[in-house]
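Working notes for the structure below.
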Amino acid sequence: MTGRRRSGSLNLILLGAPGAGKGTQAQGIKDAFGIPQIATGDILRAAVAAGTEVGLKADSYMDRGELVPDDVVVAIVAEQLAQDDCRDGWLLDGFPRNAAQAEALEATIREKGLAPIDRVVYLNVSEEEAVRRISGRRVCSNPECGNTYHVEFMPPPADMKCGKCGAEVVQRDDDRPETVRARLETYKRETAELVERYRGAGTLVEIDAEGKPEEVTERIFTALKASGGWAPGIAVKR
Ligand code: AMP
């Protein structure tokens, strides 16, 4: 399939349990490869904060740690993929999260004649580590900034004002212990099976995501290079 893009582009999915480090790793990947990040969780949180129709639909599901209905997220992703900045690659973070979403993504790619998924980066962490990461996570309350902190690994400023933009640093509502348990259950029940789906398709790149963020980033770059020659700043023949 040719698709409408130049060589050197990369279409990536980041897959992993809540707390696996998808958001953190997305940052390094999008900067290194110059591709836009589409983070459905961020888009939904911004919609909830703005009180849009999508936000009103999504809010209660997110509060319970459940998946927002497929039609809502599939429409969000289809709209994003149609944007000009996605012509030369994209990074999906937090989507797809079940088989129906994976199928909808494949259908969108087919119907719109877009270039296919190149690789699915699966960030593999133990449940214990995922819980430790999420429970210590703190985030900037300004959706435009969204800077993240961790009480153990990257403590927020003592006055809890974001070091980047000055807004208040808070704990995400769905990072509280009751909701974290529900989100991990949702992941196991609905999302985990996608690992085998993409392994079967030959697109899965499995990464040991324990350890320091920069070590994990290096592992991702090494694995992408080994699996298809993708490297920051280097055009790839398809
Ligand atoms: P995240 O920031 O990726 O952890 O997502 C936070 C919450 O947003 C999830 O617990 C879901 O309620 C919702 N969400 C994010 N992405 C999706 C998706 N692809 N499908 C359904 N719900 C989603």
Side-chain angles (χ1 to χ4, degrees), residues 12-27 29-30 37-50 52-81 90-109 117 120-123 125 127 129-150 170-195 197-198 209:
L12 276 187
I13 291 174
L14 269 176
L15 180 64
K22 296 187 297 295
T24 304
Q25 295 305 326
Q27 208 59 37
I29 295 172
K30 74 175 187 156
Q37 172 193 9
I38 303 169
T40 42
D42 289 349
I43 295 170
L44 290 168
R45 272 185 292 280
V48 170
T52 64
E53 200 180 319
V54 164
L56 292 174
K57 268 193 206 155
D59 198 14
S60 62
Y61 295 95
M62 295 173 80
D63 260 358
R64 293 194 299 269
E66 290 172 12
L67 295 186
V68 170
D70 292 338
D71 58 336
V72 175
V73 279
V74 165
I76 290 174
V77 170
E79 189 189 327
Q80 295 288 319
L81 290 178
W90 37 259
L91 172 62
L92 277 172
D93 161 6
F95 181 97
R97 259 174 150 102
N98 60 23
Q101 293 180 13
E103 280 155 24
L105 173 62
E106 283 152 27
T108 301
I109 287 172
I117 300 161
V120 177
V121 175
Y122 167 43
L123 300 177
V125 290
E127 189 165 331
E129 177 65 10
V131 170
R132 181 159 153 249
R133 288 182 185 175
I134 303 181
S135 48
R137 174 160 64 187
R138 299 292 180 273
V139 296
C140 174
S141 56
N142 169 10
E144 301 284 303
C145 172
N147 202 23
T148 60
Y149 299 88
H150 192 282
V170 296
Q171 182 172 42
R172 251 170 66 174
D173 277 346
D174 64 349
D175 279 351
R176 295 177 200 284
E178 325 72 81
T179 321
V180 168
R181 275 192 296 277
R183 287 165 64 203
L184 286 166
E185 286 310 312
T186 302
Y187 174 78
K188 283 191 262 184
R189 196 177 57 245
E190 306 210 33
T191 313
E193 68 177 74
L194 295 182
V195 171
R197 179 188 189 96
Y198 291 120

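We count ligands from 1, going down the list as the structure has it; atoms in each ligand are counted the same way. Only heavy atoms go into these numbers, but all of them, side chains included; no hydrogens, no water, no symmetry mates.
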Which residue owns the protein heavy atom closest to atom 22 (N) of ligand 1, what's the atom, and how far is it? Val68 N, 3.0 Å

Thr186 OG1 to Arg181 CZ distance, which is reported to the nearest 0.5 Å: 13.0 Å

Which of the ligand 1 atoms, numbered from 1, are nearer than 4.0 Å to a heavy atom of Arg172: 1 (P), 2 (O), 4 (O), 6 (C)

Side chain, backbone, both or neither: which part of Leu67 comes within less than 4.0 Å of ligand 1 when only heavy atoms are counted? both

What about Pro96: any of its N or O atoms under 3.5 Å from an N or O on ligand 1? no

Quick check: Tyr61 and ligand 1, any N/O pair under 3.5 Å apart? no

Mind listing the closest non-hydrogen atom pair of Arg137 and Gln171 along with its distance? O-CG, 4.1 Å

Could you tell me whether the side chain of Tyr61 reaches within less than 4.5 Å of the side chain of Val72, counting heavy atoms only? no

Student check: side-chain heavy atoms of Pro96 and Ile13 closer than 4.5 Å: yes

For ligand 1, note which part of Val73 has a heavy atom under 4.0 Å away: side chain, backbone, both or neither. side chain

When you check the gap from the basic side-chain N to the acidic O, do Arg183 and Asp175 get nearer than 4.0 Å? yes

Under 3.5 Å, side chain of Thr179 to main-chain N/O of Asp174, donor-acceptor pair present? no

Atoms of ligand 1 close to Thr40 [distance to a heavy atom under 4.0 angstrom, numbered from 1]: 15 (C), 16 (N), 17 (C), 19 (N)

Quick look: Arg64 vs ligand 1, heavy-atom contacts under 4.0 Å, and the answer is neither

What is the closest protein heavy atom to atom 7 (C) of ligand 1, and at what distance does it sit? Met62 CE, 3.9 Å

Please check if the side chain of Arg133 supplies one atom and the backbone of Ala20 the other of a donor-acceptor pair under 3.5 Å. yes

Is Arg189 close enough and on-axis enough to Tyr187, meaning under 6.0 Å and within 45°, for cation-pi? no

With a 4.0 Å cut-off on heavy atoms, is Lys22 in contact with ligand 1? no

Test of understanding: given a 4.0 Å heavy-atom threshold, classify the contact between Asp174 and ligand 1 as side chain, backbone, both, or neither. side chain

Those atoms of ligand 1 less than 4.0 Å from some heavy atom in Gln101: 18 (C), 19 (N), 20 (N), 21 (C)

For Glu66, take its heavy atoms, then give the atoms of ligand 1 lying under 4.0 Å from any of them. 11 (C), 12 (O)

Taking Gly94's backbone N and O only, do any of them form a donor-acceptor pair with Lys22's side chain (distance below 3.5 Å, no angle check)? no

If you count every heavy atom of other residues, nucleotides or ligands that lies below 6.0 Å from Glu144 atom CD, does the total exceed 12? no

For Leu44, the ligand 1 atoms with a heavy-atom partner under 4.0 Å come out as 8 (O), 13 (C), 14 (N), 15 (C), 23 (C)

Supply the atom-to-atom distance Lys30 NZ to Ile38 CD1, rounded to the nearest 0.5 angstrom. 11.5 Å

Within ligand 1, which atoms have a heavy atom of Phe95 less than 4.0 Å away? 19 (N)

Students should be able to answer this: which protein heavy-atom is nearest to atom 6 (C) of ligand 1, and at what distance? Arg45 NH1, 3.5 Å

What protein heavy atom sits nearest atom 1 (P) of ligand 1, and how far off is it? Arg97 NH2, 3.5 Å

